[in-house]
Number of protein chains: 2
Amino acid sequence: MPARTPRKRRSSLEARAAILDAAEKRLVDAGPGGIRLQDVAADVGVSHPTVLHHFGSREGLINALVERALQDTQAQVMAAVQAAPARTDTIAAILDAVFAQMKQSGRARAFLWLALSGFAGGVSGLNLYPLAEFVHAMRVERRKGRKKPPVFDDTYFSVLLPALSLLTLAALEQKGRLDPRFDGAKFRVWLAELIHSHLERD
Amino acid sequence: MPARTPRKRRSSLEARAAILDAAEKRLVDAGPGGIRLQDVAADVGVSHPTVLHHFGSREGLINALVERALQDTQAQVMAAVQAAPARTDTIAAILDAVFAQMKQSGRARAFLWLALSGFAGGVSGLNLYPLAEFVHAMRVERRKGRKKPPVFDDTYFSVLLPALSLLTLAALEQKGRLDPRFDGAKFRVWLAELIHSHLERD
DNA sequence: ATAGTTATCTACAACATTGTCAACAACAGG
DNA sequence: CCTGTTGTTGACAATGTTGTAGATAACTAT
């Protein structure tokens, strides 16, 4: 006779959170195609119909996953930017910190993957314009009384460039897909210096 | 009675090439998970066992695909670099041209996808060191008699930065996943200018 | 022509995955 | 203690995908 396991009953919110955690781990490790209901369910310790009960369908699960990850990250970026002292030479440090965390959490990989897969919320969901506007305001302030006011596009590109490259770097470094000779930390320092000196120049 | 279609028989090489073309298109459009034997076979106009006959297995097909794409791209980059006049201000133009073609061919997407998926040949297969060494030699030559000789890491990073960002940009621009306000061409010009002025400075 | 090679096909097997359904059980409120 | 709600489950259906096997037919070489 099968030893019946005592059935555990979580609250709907707890169950959803646990399932989303497991699904996101699968997403980070193996991409959207790696999110299989049976596997996710097994990770959480439930049967796969339970997952379907909470999210309706596989697509519903992925949508919920994307939404949560996007909101989390957006909040983190906002917090990092607002908490930072308004000095130009900290911009690179902010970006570095934010994307270091995106690397650790695996969300750099997740977002790149989702963007490639065509999910609506992918990288385009990460709107850089608010950040660029914030940085631009600092630049304008800092340049008061000087000759030329900075152009917004220049500031935006100065934010976009490290965002793009560090996102990809974070996504690929994590899996060790980069040349072993490559020193990521050194590159980030170099990039920070490049952006910094560019923003400071007239 | 079924109207029997006249069976076409290609040479092994032609068949393999046609199948690889179809598979690569699927890879670019939908990622590795989008490579389904039946679909690929249907695209070529054969039955799926024919694909298995030529590549042994699905994995064999993907391996062959990656190898071909990698060699093709490597050759293209080499050709572009060697054909260019050895002036520093053309470096950005070279990179721009190479990655514009990677965008058009969809290989930016393919490589990013493969790198994320963990395929051995992914982005790490695209070795940037030869290119960096070539550029560095030009820099050294150009600086003869000046004060400080350029550091190789600085040159390497100057190649890596546009490579990384343009690769991702090419991968995402193609699918229209970027903010509609974003002007890719303008960004590339800006980036070229940034790299150029950095390489020229002492 | 004739025979050998092999690219190609149809049919089938094996397996994985998503989704449905009815029943069970844990917990809350009466 | 009883009852309703609902989180949870096992069994099953439907479908899709990879891979196998034997037969067929197109091309090549003699």
Side-chain angles (χ1 to χ4, degrees), chain A residues 1-27 29-66 68 113 117-119, chain B residues 1-27 29-66 68 113 117-119:
Chain A
M1 52 204 69
R4 52 187 161 154
T5 50
R7 202 182 272 185
K8 288 177 185 177
R9 186 190 177 97
R10 294 172 242 239
S11 77
S12 182
L13 271 167
E14 283 173 334
R16 287 177 63 97
I19 293 169
L20 285 180
D21 288 343
E24 185 165 344
K25 189 167 187 307
R26 293 260 164 195
L27 171 65
D29 288 345
I35 300 180
R36 275 168 302 234
L37 297 187
Q38 300 190 7
D39 296 344
V40 170
D43 291 345
V44 181
V46 298
S47 63
H48 86 269
T50 296
V51 177
L52 287 168
H53 168 73
H54 285 291
F55 297 96
S57 67
R58 186 188 117 103
E59 196 182 337
L61 170 64
I62 296 182
N63 286 340
L65 195 173
V66 171
R68 191 186 71 158
W113 231 321
S117 305
F119 279 87
Chain B
M1 53 205 71
R4 54 190 161 149
T5 49
R7 201 183 277 186
K8 288 178 183 176
R9 186 192 178 97
R10 297 172 239 237
S11 76
S12 182
L13 271 166
E14 284 172 334
R16 287 177 64 96
I19 292 169
L20 285 180
D21 288 343
E24 186 165 343
K25 189 166 187 306
R26 293 261 164 194
L27 171 65
D29 288 344
I35 301 179
R36 276 169 300 236
L37 297 187
Q38 299 189 6
D39 297 343
V40 171
D43 291 345
V44 181
V46 298
S47 62
H48 87 268
T50 297
V51 177
L52 287 168
H53 169 73
H54 284 291
F55 296 96
S57 66
R58 187 187 116 103
E59 194 182 337
L61 169 64
I62 295 182
N63 287 340
L65 197 174
V66 171
R68 191 185 71 160
W113 231 321
S117 305
F119 279 88

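Convention: sequence-line order gives letters A, B, ...; per-chain numbering from 1. Bear in mind that the values here come from a model prediction, so they are computed numbers and not experimental data.
A/Thr50 has a side-chain polar atom (N or O) that falls below the 4.0 Å cut-off from OP1 or OP2 of D/dT9. A close approach under 4.0 Å does occur between a side-chain nitrogen or oxygen of B/His53 and OP1 or OP2 of C/dA7. Put simply, A/Ser57 has no side-chain N or O that comes within less than 4.0 Å of OP1 or OP2 on C/dT18.
Residues A/Ile19 and A/Asp43 have side chains not in contact (no heavy-atom distance under 4.5 Å, counting atoms from C-beta outward). Here the side chains of A/Leu61 and A/Leu37 are in contact, with some heavy-atom distance below 4.5 Å.
Nucleotide D/dT6 holds its C1' atom 14 Å from the CG atom of A/Leu13, rounded to whole Å. Between the CZ atom of B/Arg36 and the P atom of D/dG16 there is a distance of 10 Å, rounded to whole Å. Distance CZ (A/Phe55) to P (D/dT8): 11 Å, rounded to an integer number of Å. Distance, A/Arg26 CZ to C/dT18 C1': 16 Å, rounded to whole Å. The distance from atom CD of A/Gln38 to atom P of D/dG10 is 12 Å, rounded to the nearest whole Å. Between the P atom of C/dC9 and the CZ atom of B/Arg10 lies a distance of 9 Å, rounded to the nearest Å.
Residue whose closest nucleotide on DNA chain C sits further toward the 5' end, between B/Val46 and A/Asp39: B/Val46. In terms of position on DNA chain D, the residue among A/His54 and A/His48 whose nearest nucleotide sits closer to the 5' end is A/His54. In this structure, B/Ser12 and B/Pro49 both approach DNA chain C, and ranking their closest nucleotides by distance from the 5' end singles out B/Ser12.
Between the side chain of B/Arg9 and the base of C/dT6 there is at least one donor-acceptor pair of N/O atoms closer than 3.5 Å.
Residues A/His54 and A/Ala15 approach most closely at NE2-CB, 3.5 Å, considering heavy atoms. Contact detail for B/Arg58 and B/Ile35: the closest heavy-atom pair is NH1-O, 2.6 Å.
Counting any heavy atom pair closer than 4.0 Å across all strands shown, B/Ile35 reaches sugar-phosphate atoms only and no base atom. Residue B/Leu37 is classed as a sugar-phosphate contact, given heavy-atom separations below 4.0 Å to backbone atoms only.
Side chain of A/Leu52, nearest nucleotide from C/dG19, D/dT18, D/dT9: C/dG19.
Distance CD1/B/Ile62 to CG/B/Leu20: 11.0 Å, rounded to 0.5 Å.
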